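Comments concern the structure below.
Everything numeric here is computed off the predicted structure, so don't read it as measured data.
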Amino acid sequence: MRSFGAFLCLWLSDAVEQRVIRRTCTCLRHLELGDNLGPFVQRRLRTTLRGFYTKDYGPSLGHCNEDCSKTAAEALVLDVYMGNVSTDDLPRELRTAAWTINGLWGLEGATTNATEPKGSAAENYVMASAVLVPGGKEIALFTDGLPALHGPPRRVYVGEGYGDRTPGIALGAVYGAYKLLEKLGFAFLHPLDGPLRPLRAPLYETLLTEGIRIDGPRWPIRGMHYHTQHPLELTDVLQGLDIPMGCSASCVNGTETRPGRIGMPCVPCVEAFEAMLPKVELWFEWCAASFLNRVQWILLATSRMGDFVDSELRQQRLRRICGIAHTFGLACGAVVPIADMQQHGWYMVNTFWKPDVMKSAIERRVDWVAQAGFDFISTENGLSEFTHPDDGVMLNLLDIFTNYAAGTHGMEPSIKVHCSTGQYSERFHDPRPGRQGKLNFNFLPTKADRRLVVMPHTVQPFALDDMAPIYGNLNFSDILEYTIYEMLEGKRAVIWYGESAYWVSVDVDVPLFLPVYADRRVHDLRLLSTFEHTDPRQPPFPDWTDAEHKLRSERHRGREAYKHTPMHGQVTFSSGWEWGYYVNDLAAALASWNPVNGAPDDRAALSSVLSSRFQAAFGSDIGTEIVDWIARVASEQVGL
């Protein structure tokens, strides 16, 4: 099998050749950006577009790409409007879209692309286009989201709006703006590369939209967990660290140059915290361009970090990072283990401490995280993936954590539900129908405060219904049944938490391109979405008794909110972007917006999920060929 890099090089050479053959002059005559995009996104959009349309040919043509000349009679002229621009500034042909946007958001089923969207309307966007001169090549493009929400930003919590983290920013408008960038040929593939510039100008036909197109998300929560317990590209900066720890950005040749410390010995920085922030901005922009609305990572602590671990400086730096996330409309979350002590996690308590000491420690840590600017907080169960304390002690800690995070700070509390085996509760029995034994300790959160969001988690590329001989399992049927049980109970929010790479001693040791992860993550979302439509009176467990069916029917009677018992979304467990891992993250992100349930099979669904992004990057023909190859390789890997 050819490597993915060599494969892309072949197609890129074809793309460059086609660019020479099919030179097209495109000019950006007018660009207007609404204030509901926020100043940070406005600046990045303007920089991206102006960086491509660089030649100024005056008001008749505007700024044009390198294929243009002053006599370009066949130039494609674009007027681009993004966000809540004044209707007086819009061409007459587009004013209908702007005037009717508020009415359209209130219509049932107004979204035309996503399958039965359940996401917040604040994340929907509208897109329209118009030919300004009949028979000519002057096109106006318009996109916007809901009107900006006003007032102070609020903490994120399941069930609340998702466009109100930063005053004045409408996520739908941000999504629409980046989708329009994609239509113009700017593609976000690798999270640290920024947008790829168009290989050639967009074709006239691809810019036209039939009528007013509205799109929205399938699920309200769509995020990425960046697993900083692995040594990844952004691990240091997301901890607020310099490289190396304790270095000085003002150190020259081992001598300090900062006023007040001039001449003192010091360690120079290889990369200072400030110097690494642009990479974080690129990642967050990729998330916004890929329809995500939250990011999270684990906070670490080591003896080498010393007093920096809980310092005000670290808090300030983390607040700076979360502030950048907010400028894109993203929620920012910290993962802080309660008692899990593995891999340098910044755990809150030692379970041998006295109860009142543990309670105070949890409250202090949640306070610290909230003051660092995080919007939500997640945690871990047990002492490690394979060990646990007394179940009564652990449950009490979960309730203290949940009550303080949600009750005092209004922060969404969540917990990973791991797929490991061999640990059982001594006090609690499995409440799932047909299960009479002890409760899997990983499922202990089902007994906790209902405000605690559960995040069922599997590892490696295996899907929920695959054979999966890992962590003591034969397959993931147990975690699948638990997930469906929580969905059907409807007592708490459920967020799916699959992996896009395993990293440790499996994926990273030998350079392998593994789009099997992308295939299986799309498969899992398609699978779970089918259970959302399960009649709660006829659950998918074959060993439920008639009495249990009756009980479940009574429990759901009159509860229209749980007619389809929805899952609340997905957070992808990412281990960075080596060896093409970014393809897996991209597929998982885009599928959480629309899992393409109408596709005949997983291979077709994966192709559909990735197609628009790769077509933007490499052109329609080449992009389609690349995506078909990725989907074919993924399908073959699934069969291995």
#### Entry: With sequence neighbours excluded, residues passing side chain to side chain contact (heavy atoms under 4.5 Å, CB included) with Pro91
Tyr81, Glu93, Leu94, Leu132, Ala140
### Summary
Those residues at least two apart in sequence (or on a different chain) that pass side chain to side chain contact (heavy atoms under 4.5 Å, CB included) with Ala501 are Asp507, Ser575, Tyr581
### Query
Among pairs that include at least one residue of residues 170-180, which meet salt bridge (Lys or Arg N to Asp or Glu O under 4.0 Å), considering only residues two or more places apart or in two chains?
Lys179-Glu182
### Message
Taking ring-ring contact (aromatic ring centres under 6.0 Å, His included) as the definition, give me every residue that meets it alongside Tyr226, ordered by chain and number, with sequence neighbours left out.
### Response
Trp283, Trp577
#### Entry: Under the ring-ring contact (aromatic ring centres under 6.0 Å, His included) test, residues paired with Phe40 that sit two or more places apart
Phe328
### Task
Any pair with a residue in residues 34-64 that passes disulfide (SG to SG under 2.5 Å), sequence neighbours left out, goes on the list, sorted by first then second residue, please.
Cys27-Cys64
### Task
Quick one: list whatever passes salt bridge (Lys or Arg N to Asp or Glu O under 4.0 Å) with Glu274, sequence neighbours left out.
Arg320
### Pairing residues for His457 by the side chain to side chain contact (heavy atoms under 4.5 Å, CB included) criterion, not counting sequence neighbours
Lys416, His418, Val459, Tyr497, Glu499, Phe573
### Query
Of all residues at least two apart in sequence or in a different chain, which pass the ring-ring contact (aromatic ring centres under 6.0 Å, His included) check with Phe188?
Tyr178
### Partner residues of Trp297 under the ring-ring contact (aromatic ring centres under 6.0 Å, His included) criterion, sequence neighbours left out
Phe374
#### Entry: Set of residues satisfying side chain to side chain contact (heavy atoms under 4.5 Å, CB included) with respect to Ser608, sequence neighbours excluded
Val596
#### Entry: Those residues that, when tested against Asp465, pass side-chain hydrogen bond (donor to acceptor under 3.5 Å, both in side chains) (two or more places apart)
His523
